[in-house]
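Scroll down for the structure; my scribbles are underneath it.
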Amino acid sequence: MLTLGCARNEVDSEEIAGRLEGSGWELVDVDPDDNPDGVAADVIIVNTCGFIEQAKKDSIDTLLAASDVAKEHGAKVVAVGCLAERYGKELADSLPEADAVLGFDAYPDLAERLVDVLDGHAPEPHIPVDRRTLLPITPVERPAAAAEVAVPGHGWMSGLARTRLKGGPVANVKLASGCDRKCAFCAIPSFRGAFVSRPPDDVVAEAAWLGTQGVREIVLVSENSTSYGKDLPGGGRALARLLPRLANVPGIDVVRVSYLQPAEMRPDLIQAIATTPGVAPYFDLSFQHASAPVLRRMRRFGSRADFLDLCARIRALNPEAGIRSNFIVGFPGETEEDLAELEAFLTEARLDAVGVFGYSDEDGTEAAGYPDKIDPEVVAERVERITALADELINQRAEEREGAEVTVLVESVGDGEATGRAAHQAPEVDGEVVLLDGQVEVAELQVGDLVRGVVTGSAGADLVVEPYEFVPRSTLPARAPAVASGSG
C-alpha cells in the first residue's frame, strides 16, 4: 500500500487497508524475503494524489516504479485515490502499466475488484464524473456506539476496520470529506465531492480506539474543518462542541485541528481552539492572499485588515498560539500593489509557518479561463521574493519564543538525540523541536513521551528546548469507553 498526497489520503489508505483485512486480505512487504512466511504480495495499491501538477507527476512516477517492482515479483498494480478518480479512463489509457484504475465508488467492493484483477478480469476503468453534488466517498456503515464495542479498529468485523499503516504517537482522524466552496483555483470539489460531516460519536469513537493504540495526538483533517457540522443537527457550531469531548478521550493528550477557513472562524470556535485544555492552540488558516481584489477573483473573502484582526483576536485569547497559512502568488491579474499588500500582511501578522506556491492553471477550474495570466518567470520571481520574506519573518517569530515554556511530544529518539514538536507545530510542515539535556536528560526519553521544557534557542522554524519534567499519560481504562450519545 503506497500513499501520496495529503493527510486525508493517509486516512483513506488506512481505511482501505482495514476494509481489505476485514475481507481476508493480508498486508505484506512486496519482497517475499522480507515476510516471515515468505509469502509474496499479489497486489500493490497506489493511493494517488491529483491536486496540483507536481502531485500528479509524483503519482505517475510512483505507479511506474510500482509496476517495475510488480513485474519482478509477479504482482498486480492498482491505482486508486484522487488521480484515479479525477482522470480515470484517461489515466488507464495512458498508463497501461497499471492493471486497474478504480475510483472512490469502488472502495466498498475493493476486495472483490482485486480478486477480479488477479483472475485476469480487470474492471472497466473508472469514468470520471463531476462530484460537486455527490457524496465524496461511499461511506461504510458503522454500528451505533455501545458500551462493550465503542470504537473502530482492526478486527472489528461489524463496522469500519482501520489499520494503522505506520506507528508513532500521532494519527490523523477524518472529520469530514468533500468541499462545497467554489474557490476559483481549486479542483478538489469536482473530484472529492460535496461536503459531508462524520457524526460526532464516530469521531470520538475512532479517537478512543487510537488512544488504545499508543497515539497521544490526533490531527483532525478534512477539506474544510470550519464547515464541520453544517449538515448535522445543531448546525455549524458542532466543532466547538466536539473539541472538549475529544480532549477528554482517555489516552489522547493533544487534539489538533487543520484546514480552517478564515471567513468561517466563529468566536466560539476561536475560543475553543485557543483555550480548551488538551486542544493545541494551533490555527491552520487558509488565507491564500491578503489583497482584497485578488481574494475576490479567487472567489474568497477577507482582506489584510480582516486577517490581521483575526490574528489579533486569537493572540488576545492565547499569546503563544501558533498560526500558519499558505499563500498563492502570481494569480491572474495580481499587481505589484497586490503583492505589496501581501508583504505588508506577512510583516504585521508574525505567522509561525508559511507555505508559498506559484499559481498554475488546474483542469476544470474557473481561474484556468481567466485573462491577465502572469508570465511563469514572473510568477517564479514572486514566489522567491515572498518565500525569502516569509523565511526571515518565521525566523524572527521563532526567536520570539526563546525563554518560553512549551510542551513537546517526542517523535524521534536515537544516537543520543531526540526531536519532537511543540503545540504550535503540526506534523511535517511547521518545523520541529530539538531536545537537549535539561532536568530531564535525552537518554531518558522515548518516542511518545510528552515533556515540558524551556526554549533556549532556534534555527529557522526549529526550536531548541531543555525539558524539565514529564507529562503523565492520561489514564486508559481497562476496556474501550462508552461513547456519549448526542450530536455533539
Side-chain angles (χ1 to χ4, degrees), residues 169-170 217 219 254 256-258 260 262 273-275 279-287 290 304 307-308 310-327 329 342-357 383-413 417-440 442 445 449-469 471:
V170 183
E217 175 179 329
V219 183
V254 182
R256 186 180 303 275
V257 188
S258 58
L260 301 169
I273 297 175
T275 65
V279 175
Y282 172 81
F283 292 81
D284 175 19
L285 295 164
S286 177
F287 289 131
R304 169 185 165 194
F307 296 162
L308 287 173
L310 176 55
C311 293
R313 285 186 285 139
I314 290 169
R315 288 177 174 138
L317 290 169
N318 191 329
E320 300 302 319
I323 306 176
R324 71 107 56 219
S325 191
N326 293 323
F327 297 88
V329 298
L342 174 57
E343 289 173 322
F345 169 73
L346 290 171
T347 302
E348 295 178 69
R350 297 166 43 245
L351 304 181
D352 292 274
V354 173
V356 183
F357 301 90
V383 168
E384 185 176 356
R385 170 176 159 186
I386 297 299
T387 298
L389 173 63
D391 288 346
E392 178 183 349
L393 296 170
I394 290 169
N395 292 351
Q396 293 174 12
R397 177 63 175 156
E399 290 171 358
E400 291 174 3
R401 293 188 179 273
E402 293 181 18
E405 293 189 356
V406 293
T407 301
V408 179
L409 178 63
V410 180
E411 293 187 302
S412 173
V413 175
E417 298 180 350
T419 61
R421 287 178 298 104
H424 69 280
Q425 296 170 315
E428 301 178 359
V429 293
D430 296 337
E432 64 180 10
V433 167
V434 177
L435 291 153
L436 302 180
D437 287 341
Q439 295 179 41
V440 174
V442 170
L445 299 176
D449 283 340
L450 209 59
V451 293
R452 292 189 182 93
V454 177
V455 180
T456 59
S458 64
D462 297 339
L463 301 181
V464 178
V465 171
E466 294 182 6
Y468 61 81
E469 67 177 2
V471 178

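Quantities reported herein were computed from a predicted structural model and do not represent experimental measurements.
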Side chains of Asp352 and Tyr282: do they bring a donor and an acceptor to under 3.5 Å?
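No donor-acceptor contact under 3.5 Å links the two side chains.
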
Residue pair Ser458 / Glu402, side-chain donor-acceptor N/O under 3.5 Å
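Per modelled atom types, Ser458 and Glu402 side chains form a pair under 3.5 Å.
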
In Å and rounded to the nearest 0.5 Å, what is the [atom1] to [atom2] distance from [X] to [Y]?
X	Y	atom1	atom2	answer
Phe307	Leu351	CZ	CG	11.0 Å
Leu285	Ile314	CG	CD1	5.0 Å
Asp391	Thr387	CG	OG1	6.5 Å
Asp462	Arg421	CG	CZ	12.5 Å
His424	Thr407	NE2	OG1	12.0 Å
Asn318	Arg313	CG	CZ	15.0 Å

If you measure from the Lys or Arg side-chain nitrogens to the Asp or Glu carboxylate oxygens, is any gap between [X] and [Y] under 4.0 Å?
X	Y	value
Arg256	Glu217	yes
Glu469	Arg452	yes
Arg315	Glu320	no

Given Glu348 and Arg304, is the side-chain contact (heavy atoms from CB on, under 4.5 Å) satisfied, shown in steps?
CA-CA 10 Å; Glu348 295 178 69; Arg304 169 185 165 194; 2.5 Å; yes

Would you indicate whether the side-chain heavy atoms of [Y] and [X] approach each other to under 4.5 Å?
X	Y	value
Val465	Thr456	no
Phe287	Phe327	yes
Leu463	Val434	no

Answer yes or no: are there more than 12 heavy-atom neighbours, outside Glu400 itself, under 6.0 Å from its atom CD?
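Count over threshold, so yes.
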
Would you find more than 12 non-hydrogen atoms of other residues, nucleotides or ligands less than 6.0 Å from Gln396 atom CD?
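Yes, the 6.0 Å shell around CD holds more than 12 heavy atoms from other groups.
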
Exercise: identify the closest heavy-atom pair between [X] and [Y]:
X	Y	result
Ser258	Val219	OG-CG1, 4.2 Å
Arg350	Arg397	NH2-NH1, 2.8 Å
Tyr468	Glu405	OH-OE1, 3.1 Å

Criterion side chain to side chain contact (heavy atoms under 4.5 Å, CB included) against Val356, the qualifying member of Val383, Asn326, Leu389:
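The option that passes is Val383.
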
Quickly, which of Leu435, Val454, Val442, Leu450 forms a side chain to side chain contact (heavy atoms under 4.5 Å, CB included) with Pro467? Name it, please.
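Checked Leu435, Val454, Val442, Leu450 against Pro467; only one passes side chain to side chain contact (heavy atoms under 4.5 Å, CB included): Leu435.
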
Carefully, step by step, assess Phe283 and Ile273 under the rule side-chain contact (heavy atoms from CB on, under 4.5 Å).
CA-CA 8 Å; Phe283 292 81; Ile273 297 175; 3.5 Å; yes

Full working for side-chain contact (heavy atoms from CB on, under 4.5 Å) between Arg401 and Val406
CA-CA 9 Å; Arg401 293 188 179 273; Val406 293; 5.6 Å; no

Full working for side-chain contact (heavy atoms from CB on, under 4.5 Å) between Val329 and Arg385:
CA-CA 10 Å; Val329 298; Arg385 170 176 159 186; over 6 Å; no

So, Asp430 side chain and Ala426 main chain: donor-acceptor pair closer than 3.5 Å or not?
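Pair found, side chain donor or acceptor close to backbone of Ala426.
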
